[in-house]
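Keep in mind that what you see is a predicted model, and the values were worked out from it rather than measured. So that the names make sense, note that chain A is the first sequence line, chain B the second, and so on, each numbered from 1.
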2 protein chains.
Amino acid sequence: MARPRTPLLSRERIVTAALQLIDAEGLAALSTRRLATELSVSGPSLYNHFATKDELLDAVVDSVMGEVDLSMFGRDAPWPAALRDWARSYRAALAAHPNIVPVLAQGPGRRPNALRLADAVFGCLVEAGWPRGQATRIGALMRYFVAGSALASFAAGFPEDAGVYDAADYPHLGEAHRLAEHRSAIDEGAFETGLEALLDGLLLRYERTVPRP
Amino acid sequence: MARPRTPLLSRERIVTAALQLIDAEGLAALSTRRLATELSVSGPSLYNHFATKDELLDAVVDSVMGEVDLSMFGRDAPWPAALRDWARSYRAALAAHPNIVPVLAQGPGRRPNALRLADAVFGCLVEAGWPRGQATRIGALMRYFVAGSALASFAAGFPEDAGVYDAADYPHLGEAHRLAEHRSAIDEGAFETGLEALLDGLLLRYERTVPRP
DNA sequence: ACCTGAACACCGTTCAAGT
DNA sequence: ACCTGAACACCGTTCAAGT
């Protein structure tokens with residue numbers, strides 16, 4: 001067939017299909033050939049739109065970042081409230097696509113939405129009176145916490161069969177096999193507890209170090 | 001040659017070589033064939049010791065977990081101090097092997113060292129008077145923070161060329177290209193700031209909710 | 001510019017064969 | 001029990017060829 005009159009593919013169509021595949025079958029299921037098949041196209045076609053598979057994955061991550069709400073930073077709410085809302089929105093975006101989270105390891109890179117996000121958080125903190133160095137650190141540590149909560153989903157990995165938890169080896173884990181029953185509730189609770197602790201701790205530091213306006 | 005008198009391989013030798021390869025050249029460089037070559041052995045030999053590549057990766061992660069110091073939990077230090085020491089040791093272990101961090105996504109699974117670690121933290125908190133539900137959450141959220149700090153190394157991904165940060169697009173990131181210069185210092189500072197904030201916040205909660213002994 | 005089929009070097013894994 | 005070579009189905013990517 002060669003080149004069609006109207007292009008069969010676009011970066012956007014490819015990214016959408018890739019994310020769907022990753023969501024449905026996991027990161028390992030995403031091969032360029034499989035993805036091409038899903039798009040009714042031959043394997044090498046993708047290389048007209050992305051130079052490498054890594055570049056495609058980068059775009060997929062950035063599309064997830066694009067789902068994160070940043071509007072709370074434009075409403076001059078107090079910074080802890082804005083940070084709380086943003087962290088929840090960020091976590092919700094990652095939790096909706098858990099299989100992509102390991103790819104976050106590459107850092108913000110050149111992804112426009114990731115940079116927009118970093119910019120918004122940093123701007124909010126500086127405007128609130130945080131010194132720029134502190135604002136950088138706080139932006140980073142909030143990202144740590146959110147990314148970690150999406151990556152290291154705690155309950156998810158505990159085997160469900162009680163036999164694993166030999167009492168002699170793990171004296172305190174006797175009921176850990178029950179965790180799997182309500183894993184998402186535990187992750188949610190741990191996230192909320194950690195978020196509040198983090199904000200409380202940061203507020204203490206703020207009162208100690210930032211002069212009143 | 002077939003079977004040698006004394007085995008050429010062992011799980012331990014394979015895990016050590018795999019971690020070395022991952023540290024030196026990244027996760028993508030670890031193929032079963034490449035690893036086998038590194039061990040002067042033919043590809044399929046590994047399957048006498050691990051059922052799949054995933055099982056091997058699991059063992060590699062657990063060996064890193066084995067580097068985490070847990071001795072602070074046996075010294076009846078106050079729980080915030082023990083948690084602080086443990087978090088630092090945990091982070092140091094992951095920072096020493098950053099390329100393996102994405103694999104943590106699989107959760108503690110059946111990895112004995114990961115389970116031992118979860119057990120120690122949980123036990124310390126329960127002994128300090130935290131209700132079991134809270135202790136579970138706190139163990140999880142501490143892991144989130146540490147895993148996230150190793151995964152989402154904030155500064156690492158910022159491109160070094162200033163041209164990326166068009167002032168119109170990212171009004172607050174004008175100096176972000178300088179981050180790369182001292183990325184590890186920033187990550188370290190963000191981790192320490194977050195850790196203190198987290199512990200301060202948890203201590204507040206402790207004083208509010210846990211009755212004095 | 002954008003798609004195709006053929007091709008290259010490389011995967012993870014299975015299996016029969018050897019000792 | 002533990003290693004080997006051969007084989008299978010599958011990768012990411014390149015490239016010349018087509019419109």
| message | Measure CG/B:Leu46 against P/D:dC3 and give the value in whole Å, please. | response | 9 Å
| task | Could you let me know what D:dA17 is paired to, Watson-Crick or G-U wobble, both distances under 3.5 Å, or none if it's on its own? | result | none
| message | Using modelled atom types and a 3.5 Å cut-off, is there a donor and acceptor pairing between side-chain atoms of A:Asn48 and backbone atoms of A:Ser45? | response | yes
| Does B:His49 put a side-chain nitrogen or oxygen below 4.0 Å from OP1 or OP2 of D:dA1? | no
| note | As its Watson-Crick or G-U partner within any shown strand, both distances under 3.5 Å, C:dC3 has none
| said: In whole Å, I'd like the distance from the CZ atom of A:Arg3 to the C1' atom of C:dC2. | reply: 6 Å
| query | Distance-only, no hydrogens or angles: does the B:Asp69 side chain make a donor-acceptor pair with backbone N or O of B:Trp86 under 3.5 Å? | reply | no
| query | What are the two closest non-hydrogen atoms of B:Asp23 and B:His97, and how far apart are they? | reply | OD2-ND1, 2.7 Å
| remark: To the nearest angstrom, the CZ-C1' distance between B:Arg13 and D:dC2 comes to 14 Å
| remark: Readout for nucleotides 9-17 of chain D: B = base within 4.0 Å of protein heavy atom, S = sugar-phosphate only, - = neither; 5' to 3' it is --BBBBB--
| task | Nearest whole angstrom, please: distance from the C1' of D:dA1 to the CZ of B:Arg11. | result | 16 Å
| remark: Residues B:Ala17 and B:Leu39: closest non-hydrogen pair is CB-CD2, 3.7 Å
| message | Please check if the number of heavy atoms outside A:Glu67 that lie under 6.0 Å from its CD is greater than 12. | response | yes
| message | Using the side-chain heavy atoms of A:Leu8, tell me which of these nucleotides is nearest: C:dA1, D:dG5, C:dC3. | response | C:dC3
| Opposite nucleotide pairing with C:dG12, Watson-Crick or G-U, both atom distances under 3.5 Å | D:dC8
| request: Output the distance between atom CG (A:Leu141) and atom CD (B:Glu192), rounded to the nearest 0.5 Å. | output: 11.5 Å
| task | Check every atom of D:dA1, C:dC2, D:dT4 against the side chain of B:Ser45 and return the nucleotide holding the closest atom. | result | D:dT4
